[in-house]
Amino acid sequence: DLFPNPASEKVMIRILDLEGESLEVFNNFGQSVLEKNINDSQIELNTKEWNAGIYFVKIKTAEGVVSKRFVLN
């Protein structure tokens, strides 16, 4: 679960029924803009300083990889 979408200053990611291990965010050029280990079911990303555009979130879990997309205004 990822919200709000589109976003402006922050993005909340909620991982339900999965155990997240790490998270990586890429811009629409495929460049990594954030990489972090996670150990919580809710993550807040501060996107205030990021450029507007489309971003992709890749969450690695014990069960596999989950990908999400969001738009930053």
Side-chain angles (χ1 to χ4, degrees):
D1 209 11
L2 186 145
F3 59 94
N5 192 6
S8 56
E9 294 188 359
K10 68 179 177 182
V11 173
M12 300 296 293
I13 300 171
R14 207 171 19 207
I15 305 170
L16 304 173
D17 306 326
L18 292 175
E19 202 161 303
E21 296 172 357
S22 67
L23 172 142
E24 194 166 4
V25 181
F26 299 91
N27 63 17
N28 56 342
F29 299 112
Q31 300 165 315
S32 179
V33 295
L34 176 71
E35 198 170 344
K36 67 189 286 181
N37 290 327
I38 52 176
N39 56 8
D40 201 351
S41 62
Q42 188 157 308
I43 303 107
E44 181 177 316
L45 304 179
N46 182 353
T47 57
K48 190 185 283 189
E49 304 295 320
W50 296 7
N51 294 327
I54 299 170
Y55 289 84
F56 301 89
V57 180
K58 187 166 82 174
I59 302 165
K60 291 181 185 163
T61 71
E63 289 81 15
V65 176
V66 177
S67 295
K68 297 282 185 184
R69 181 182 89 104
F70 70 93
V71 176
L72 192 60
N73 289 333

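The figures that follow rest on heavy atoms only: side chains count, while hydrogens, waters and symmetry mates do not.
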K.L.:
If I take atom CD from residue Glu24 and atom OG from residue Ser32, how far apart are they, to the nearest 0.5 angstrom?
P.N.:
3.5 Å

K.L.:
Rounded to the nearest 0.5 Å, what's the gap from CZ on Arg14 to CD on Glu44? Could you check?
P.N.:
13.0 Å

K.L.:
Among Leu23, Leu2, Ile13, whose side-chain contact (heavy atoms from CB on, under 4.5 Å) with Lys68 holds?
P.N.:
Leu2

K.L.:
May I ask you to check whether over 12 heavy atoms, not counting those of Phe29, lie within 6.0 Å of atom CZ?
P.N.:
no

K.L.:
Does any non-hydrogen side-chain atom of Met12 lie less than 4.5 Å from one of Gln42?
P.N.:
yes

K.L.:
Is there a path from Leu72 to Phe56 through hydrophobic residues (I, L, V, M, F, W, Y) whose side chains come within less than 4.5 Å of each other?
P.N.:
no

K.L.:
For a 4.5 angstrom cut-off between non-hydrogen side-chain atoms, does Phe70 reach Val57?
P.N.:
yes

K.L.:
Looking at Asp40, I want to see if its CG is surrounded by more than 12 non-hydrogen atoms of other residues, nucleotides or ligands under 6.0 Å.
P.N.:
yes

K.L.:
Take Phe26 and Gln31 through the side chain to side chain contact (heavy atoms under 4.5 Å, CB included) test and state the conclusion after the steps.
P.N.:
CA-CA 5 Å; Phe26 299 91; Gln31 300 165 315; over 6 Å; no

K.L.:
Once you round to the nearest 0.5 Å, how far does CD1 of Ile15 lie from CD1 of Ile38?
P.N.:
3.5 Å

K.L.:
Which pair of heavy atoms, one from Pro4 and one from Lys10, lies closest together, and at what distance?
P.N.:
CD-O, 3.6 Å

K.L.:
Roughly how far, to the nearest 0.5 Å, is OG of Ser22 from NZ of Lys36?
P.N.:
11.5 Å

K.L.:
Do any N or O atoms from the side chain of Asn5 and from the backbone of Arg69 form a donor-acceptor pair under 3.5 angstrom?
P.N.:
yes

K.L.:
Tyr55 and side-chain contact (heavy atoms from CB on, under 4.5 Å): which single residue from Val71, Leu45, Asn27 fits?
P.N.:
Asn27

K.L.:
Short question: side chain of Thr61, backbone of Gly64 - any donor-acceptor pair under 3.5 Å?
P.N.:
yes

K.L.:
Donor-acceptor pair, Thr47 side chain versus Glu9 backbone, under 3.5 Å?
P.N.:
yes

K.L.:
Got a sec: does the CG of Asn73 have more than 12 other heavy atoms crowding it under 6.0 Å?
P.N.:
yes

